[in-house]
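Residues: numbered from 1 along the sequence shown.
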Amino acid sequence: MSVPHTPAKIYRGRVADQIVEDLREQILSGALPDGSRLPSERELAASYDVSAPTIREAIRVLTAMGLVTTRNGSRATVNAQGDTLLAMSIASVVQFEKVGAREVFGLLGALNAYAAELAAEKASDEEIAGLRAAAETSAAAEGVEQSAAALQQFFVTLSEISHNPLLAALCRFITEVQIGLAVKLAGSEGRDWGRIAGALQTERLHIVDAIAGRDPAVAASAVRAYHQSAVERIISVRKGDETAGSDVGLTEALTAWLRANVGLGGQVANRRSTLS
């Protein structure tokens, strides 16, 4: 198998970095589509006129970036998915810049408020009906796992009917983080989880009604009110340690969740990671 296009000319310097950038560009442009296999190590080495160890180093970097996956004895496979790349990038920034949990929650509130504004303007009647159905499903869900999944689906639906793909991608991951952290703090018994999610069903229906009323300002205001209540309830939760609901405790819990659920290669542990 040959490289899909003529490899970029390799100059003196960090040769592996140049190969990484060339292959990265092919992956992001679609020349190497998701699910396709890279050429063999020998073919890549011949195409770029470099040694096999240099190719192995480049593949390791691409794997850490979340662009390819590797298995012993097999060629690397392209595994570039927007949500995965975004999750790895956001998690890295949050941990490196020591972003607090309150700041993450505040960002999600602002993003979802904007999504509600756009949804009030752009969503079809059918899409709004789907959002209402998601709200009703979240009210009927039983148990922490089912309830968390239904709540996440409500906000995923809200972001999707904004018809802004970048906004939707940002909201999907940060929603997963917030709900995952709420579940972590509430514990497996579910007593505290009901105080966080179950008590806010009326507010979720207010969001739907505002969007259905085609009033962007009211819709955004409803989302901001919801998020304020949700954050207050998350902060009030205690899980054994009295510091769990403090700023320090929340940020430590956030960091622990990110480390457990967003791993090397950009792989979110699994789509049920909100429950761990």
Side-chain angles (χ1 to χ4, degrees), residues 1-97 107 111 114-115 118 122 127 156-157 159-177 258-259 261-273:
M1 178 179 179
S2 60
V3 179
H5 77 162
T6 302
K9 188 174 181 180
I10 302 300
Y11 298 93
R12 297 183 65 181
R14 284 284 299 165
V15 175
D17 289 349
Q18 296 175 54
I19 295 171
V20 167
E21 185 57 33
D22 187 49
L23 290 173
R24 173 179 173 275
E25 177 60 30
Q26 292 185 60
I27 291 169
L28 296 181
S29 69
L32 284 168
D34 186 40
S36 65
R37 290 187 175 183
L38 295 187
S40 68
E41 183 180 289
R42 179 180 298 178
E43 289 171 324
L44 286 170
S47 296
Y48 287 106
D49 193 22
V50 297
S51 66
T54 298
I55 294 298
R56 284 195 290 272
E57 181 181 352
I59 297 302
R60 280 196 294 270
V61 173
L62 290 169
T63 301
M65 293 171 69
L67 294 174
V68 303
T69 56
T70 57
R71 291 183 179 178
N72 291 335
S74 300
R75 299 199 304 268
T77 301
V78 176
N79 187 36
Q81 300 176 5
D83 281 3
T84 298
L85 297 174
L86 191 64
M88 194 65 175
S89 297
I90 293 175
S92 297
V93 171
V94 168
Q95 293 178 76
F96 182 75
E97 297 291 346
L107 175 59
L111 292 173
Y114 182 40
L118 293 179
K122 299 181 178 182
E127 288 172 330
V156 166
T157 302
S159 67
E160 288 176 345
I161 67 175
S162 73
H163 294 277
N164 182 319
L166 177 58
L167 176 62
L170 288 165
C171 288
R172 276 194 298 272
F173 177 64
I174 304 178
T175 294
E176 183 172 0
V177 172
L258 291 172
R259 287 174 176 167
N261 292 283
V262 184
L264 183 64
Q267 297 299 311
V268 177
N270 56 60
R271 303 322 297 174
R272 294 174 58 197
S273 59

message = Could you go through L170 and I90, starting from their C-alpha distance and side-chain angles, then the distance that decides it, and tell me whether this counts as side-chain contact (heavy atoms from CB on, under 4.5 Å)?
response = CA-CA 9 Å; L170 288 165; I90 293 175; 3.9 Å; yes

Determine whether M65 and V20 satisfy the following criterion, side-chain contact (heavy atoms from CB on, under 4.5 Å), listing intermediate values before the conclusion. CA-CA 10 Å; M65 293 171 69; V20 167; 4.0 Å; yes

Using the rule given for side-chain contact (heavy atoms from CB on, under 4.5 Å), can you reason through L67 versus L85, listing the C-alpha separation, both sets of side-chain angles and the distance that settles it, and then say yes or no? CA-CA 8 Å; L67 294 174; L85 297 174; 3.7 Å; yes

Yes or no on side-chain contact (heavy atoms from CB on, under 4.5 Å) for N79 and Q81, after CA distance, side-chain angles and deciding distance?
CA-CA 6 Å; N79 187 36; Q81 300 176 5; 3.6 Å; yes

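Among residues two or more places apart in sequence or in another chain, the side-chain contact (heavy atoms from CB on, under 4.5 Å) test is passed with L167 by L111, Y114, A115, L118, S162, N164, C171. With sequence neighbours left out, the side-chain hydrogen bond (donor to acceptor under 3.5 Å, both in side chains) criterion links S51 to T54. In terms of the salt bridge (Lys or Arg N to Asp or Glu O under 4.0 Å) criterion, residue partners of E57 (sequence neighbours excluded) are, by chain and number, R14. Partners of R56 under the salt bridge (Lys or Arg N to Asp or Glu O under 4.0 Å) rule, at least two apart in sequence or in another chain, are E41. The side-chain contact (heavy atoms from CB on, under 4.5 Å) check on E127 picks up A123, S124, I161, H163, with sequence neighbours excluded. For A76, the side-chain contact (heavy atoms from CB on, under 4.5 Å) partners at least two apart in sequence or on another chain are L38, I59, V68, T70. With sequence neighbours left out, A45 forms a side-chain contact (heavy atoms from CB on, under 4.5 Å) with I55.
Residue pairs that meet the salt bridge (charged side-chain N to carboxylate O under 4.0 Å, His left out) test with at least one member in residues 23-34, sequence neighbours left out, are E21-R24.
Taking CZ from F173 and OG from S159, the interatomic distance works out to 14.0 Å, rounded to the nearest 0.5 Å. Annotation: the span from L62 atom CG to R60 atom CZ amounts to 11.5 Å, rounded to 0.5 Å. Here the CZ atom belonging to R37 is positioned 9.5 Å from the OG1 atom belonging to T69, to the nearest 0.5 angstrom.
Contact detail for D83 and A169: the closest heavy-atom pair is OD1-CB, 3.9 Å. Among all heavy-atom pairs drawn from P33 and A31, the shortest one is CD-O, 3.4 Å.
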